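Reviewing the structure listed below.
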Amino acid sequence: MSKSIKVKGFLQDVGGASRVTKLREENFAKGSPIPDPHDPIRELADKLHPEHMIFKVVDIREASPSSRVFRFESADGHIPVFQSGQYVNFRLQIGESLLSRPYTISSAPYEARGEHPFFEITVRRNVPYLVPDYLFENVKVGDELEGALPFGFFYWEPMRDSREIVALAGGSGITPFHSMAKEIANGKMKGCKLTILYGSVKANDIVLKDELAAIEKACPDVKVVHVLSDEPDWPGEKGFITREIIEKYSTPDCTYMFCGPLPMFRFVKKALDDMGVPVRRFRHDVVNNPADVSTLPGYPKGTEEKTFKITVVRGIHEDVIDAKASEPVAVALERAAIKIDTHCRNGECGFCRSHLLEGEIFVSPIGDGRRRMDKEMGWFHACSSWPLSDLKIKIPIM
Ligand SMILES: Cc1cc2nc3c(=O)[nH]c(=O)nc-3n(C[C@H](O)[C@H](O)[C@H](O)COP(=O)(O)OP(=O)(O)OC[C@H]3O[C@@H](n4cnc5c(N)ncnc54)[C@H](O)[C@@H]3O)c2cc1C
Ligand code: FES
């Protein structure tokens with residue numbers, strides 16, 4: 001039987017409140033006049049989620065002919081709590097450049113809380129790429145990398161999302177769903193059923209193929225459907241992830257979650273729009289900037305060939321650096337070894353927020369996460385803005 005709440009009446013309640021106030025005043029009077037610099041809540045938060053951590057590589061293994069899993073442990077054994085779909089941000093020095101790159105955690109959250117806590121990332125290396133090349137060629141077991149976690153909002157949320165999840169993945173976009181599948185197979189995310197539609201070109205391109213097969217075998221709530229676009233003898237689904245394929249594996253009111261490259265996002269988004277899927281049932285991860293900025297709608301074609309100067313103001317310091325029009329402002333800063341904090345690298349999180357003092361920039365229309373007031377006051381996100389002229393910008397001191 002529920003216990004009823006007794007309302008004492010207006011005067012008695014107010015009288016009670018005045019007693020509390022009196023007690024507070026007495027406690028204040030007894031307190032030290034020297035302010036206590038300690039903020040235990042802030043200190044605990046900093047301890048549980050440090051701004052920077054050092055992670056040791058404890059294992060490296062193949063996840064396909066072109067991808068590798070890197071397993072990390074932290075020096076003190078503590079790995080901040082994260083959810084399937086969130087990412088770790090690594091800071092790296094490659095040659096003269098100071099860089100940071102996000103990688104979705106491909107292991108499951110429960111694995112970061114066991115007797116030997118760890119987390120894993122799965123990195124794909126296809127065409128000549130900068131950071132994957134560095135990780136594949138230089139990083140070995142025993143090395144330490146600087147990073148922080150967790151970041152990002154791409155995770156399943158029970159108050160908002162359906163327990164029937166249809167994941168749409170392409171390439172290394174399988175990583176959040178591999179984490180989620182492991183979590184479900186371990187009895188977490190109770191009642192969830194996950195169907196992964198995973199698009200690859202050829203069978204050899206499938207990342208974490210054996211791992212996914214093992215999870216599927218062990219857990220009836222996880223189903224993996226490979227859709228191959230260039231493997232004529234493939235016995236399963238062939239072609240792209242079309243509306244027909246999505247409908248075939250959907251359940252009424254399921255939540256769709258997408259993670260993959262930009263062209264695939266456009267294709268899948270159109271299919272879901274055609275199916276009449278409301279926005280609340282479609283979750284997608286941040287999508288990388290396109291390799292060629294001139295393909296973005298509204299970009300003044302021909303400008304991408306040019307090079308500009310950027311005057312970078314940090315406090316009382318001013319540096320003048322070169323910037324290719326074809327690269328975001330954050331990349332120009334990184335090349336010049338000027339520290340800029342980046343996380344999502346697609347205009348959404350705001351960590352790279354900078355102030356445009358002079359000049360003209362092109363802002364990506366894909367992930368312009370700026371607030372209206374920021375736009376009006378000349379703030380921009382350096383990771384997803386390209387110079388259209390010489391610039392003068394002010395960035396935070398790091
Ligand atoms: C949220 C999120 C999660 C991700 N998760 C994964 C994942 O799980 N697995 C995975 O494989 N990938 C993942 N990625 C992609 C990953 O972060 C990298 O973008 C990818 O590995 C390619 O890295 P890259 O530096 O070679 O290329 P990009 O990140 O595309 O950056 C290339 C940029 O670096 C510039 N550049 C070239 N040379 C230099 C230089 N010397 N100095 C400075 N800049 C230079 C180039 O001009 C270009 O603009 C994720 C991305 C995001 C946004
Ligand atoms: S790094 Fe997220 S907005 Fe630039």
Side-chain angles (χ1 to χ4, degrees), residues 63-64 66-70 84-107 119-137 147 149-155 169-179 205 207-208 259-262 265 284-293 304 321-338 340-354 363-364 366-371 374 379-386 395-396:
S64 78
S66 61
S67 57
R68 274 185 201 166
V69 178
F70 294 81
S84 293
Q86 291 193 294
Y87 62 84
V88 51
N89 200 38
F90 281 112
R91 289 179 183 284
L92 303 158
Q93 167 136 28
I94 302 181
E96 295 295 301
S97 303
L98 291 176
L99 310 155
S100 60
R101 288 289 184 276
Y103 287 95
T104 301
I105 302 162
S106 57
S107 55
F119 72 90
E120 293 178 341
I121 60 166
T122 305
V123 181
R124 187 144 185 250
R125 182 200 210 187
N126 31 25
V127 267
Y129 258 61
L130 181 68
V131 173
D133 279 2
Y134 173 82
L135 294 173
F136 277 49
E137 301 296 334
L149 80 158
F151 299 104
F153 302 100
F154 184 67
Y155 49 81
S172 64
I174 191 63
T175 47
F177 306 123
H178 177 261
S179 169
D205 297 318
V207 177
L208 295 164
C259 186
L262 181 58
F265 171 75
H284 54 85
D285 199 1
V286 286
V287 181
N288 261 351
N289 288 322
D292 179 0
V293 61
E304 70 275 15
I321 62 169
D322 288 325
K324 293 181 193 170
S326 58
E327 291 184 343
V329 172
V331 173
L333 296 169
E334 289 172 343
R335 279 188 189 278
I338 294 180
I340 174 96
D341 204 9
T342 69
H343 289 205
C344 74
R345 297 185 76 83
N346 191 31
E348 296 201 333
C349 71
F351 273 92
C352 64
R353 183 173 174 266
S354 306
V363 177
S364 167
I366 301 174
D368 187 357
R370 292 174 300 165
R371 289 170 298 180
D374 270 6
W379 291 90
F380 69 104
H381 292 171
C383 67
S384 53
S385 303
W386 287 257
I395 64 165

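Every number for a ligand or one of its atoms is a count from 1 in the order of the listing. Fair warning: this is a prediction, and the values are worked out from it, not measured in the lab.
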Quiz item: Which atoms from ligand 1 have a heavy atom of Val131 less than 4.0 Å away?
Solution: 24 (P), 25 (O), 26 (O)
Quiz item: Between Leu99 and ligand 1, is there a nitrogen or oxygen pair with a distance under 3.5 Å?
Solution: no
Exercise. For ligand 1, find out whether one of its N or O atoms is nearer than 3.5 Å to an N or O atom of Glu334.
Key: no
Quiz prompt | Ser97 contact mode with ligand 1 (heavy-atom cut-off under 4.0 Å) | solution = side chain
Quiz prompt | side-chain hydrogen bond (donor to acceptor under 3.5 Å, both in side chains) assessment of Ser106 paired with Thr175 | solution = CA-CA 5 Å; Ser106 57; Thr175 47; over 6 Å; no
Quiz item: Touching ligand 1 at all, Val123? Heavy atoms, strictly under 4.0 Å?
Solution: yes
Exercise. Please work out which of the three classes, parallel, tilted or perpendicular, describes the rings of Phe151 and His343, given edges at 30° and 60°.
Key: perpendicular
Quiz prompt | ligand 1 N/O within reach of Pro102 N/O, cut-off under 3.5 Å | solution = yes
Quiz item: Given Thr104, Thr175, Thr122, which one has a non-hydrogen atom that is nearest to atom 9 (N) of ligand 1?
Solution: Thr122
Exercise. Could you give me the CA-CA distance, side-chain angles and deciding distance for Ser67 and Ser64, then say whether side-chain hydrogen bond (donor to acceptor under 3.5 Å, both in side chains) is met?
Key: CA-CA 5 Å; Ser67 57; Ser64 78; 2.6 Å; yes
Quiz item: Which parts of the protein, at residue level, reach under 4.0 Å of ligand 2 through a heavy atom?
Solution: Thr342, His343, Cys344, Arg345, Gly347, Glu348, Cys349, Gly350, Cys352, His381, Cys383
Quiz prompt | Atom indices of ligand 1, in the order listed, that fall short of 4.0 Å to a heavy atom of Pro132 | solution = 21 (O), 22 (C), 23 (O), 24 (P), 26 (O)
Exercise. Please answer whether the main-chain N or O of Trp379 pairs with a side-chain N or O of Arg353 as donor and acceptor at a distance below 3.5 Å.
Key: no
Quiz item: Judging by distance only, is a nitrogen or oxygen of Pro328 under 3.5 angstrom from one on ligand 1?
Solution: no
Exercise. From the options Arg68, Arg335, Arg345, Arg101, select the one whose nearest heavy atom is closest to atom 33 (C) of ligand 1.
Key: Arg101
Self-check item: Atoms of ligand 1 close to Ser172 [distance to a heavy atom under 4.0 angstrom, numbered from 1]
Solution: 9 (N), 10 (C), 11 (O), 12 (N)
Quiz prompt | Residue Glu327 vicinity, atoms of ligand 1 by number, heavy atom under 4.0 Å | solution = 46 (C), 47 (O)
Quiz prompt | 4.0 Å heavy-atom contact, Cys344 with ligand 1 | solution = yes
Self-check item: Atoms of ligand 1, numbered as shown, that sit under 4.0 Å from any heavy atom of Tyr87
Solution: 1 (C)
Self-check item: Test of proximity, Asp285 against ligand 1: N or O pairs below 3.5 Å
Solution: no
Quiz item: Using a heavy-atom cut-off of under 4.0 Å, does the side chain or the backbone of Tyr103 touch ligand 1, or both, or neither?
Solution: both
Quiz prompt | Partners passing side chain to side chain contact (heavy atoms under 4.5 Å, CB included) against Phe153 (at least two apart in sequence or in another chain) | solution = Tyr155
Quiz item: Hey, what do you get for OG (Ser172) to OH (Tyr103), rounding to the nearest 0.5 Å?
Solution: 8.5 Å
Quiz item: Between the main-chain N or O of Cys352 and the side-chain N or O of Ser354, is there a donor-acceptor pair closer than 3.5 Å?
Solution: yes
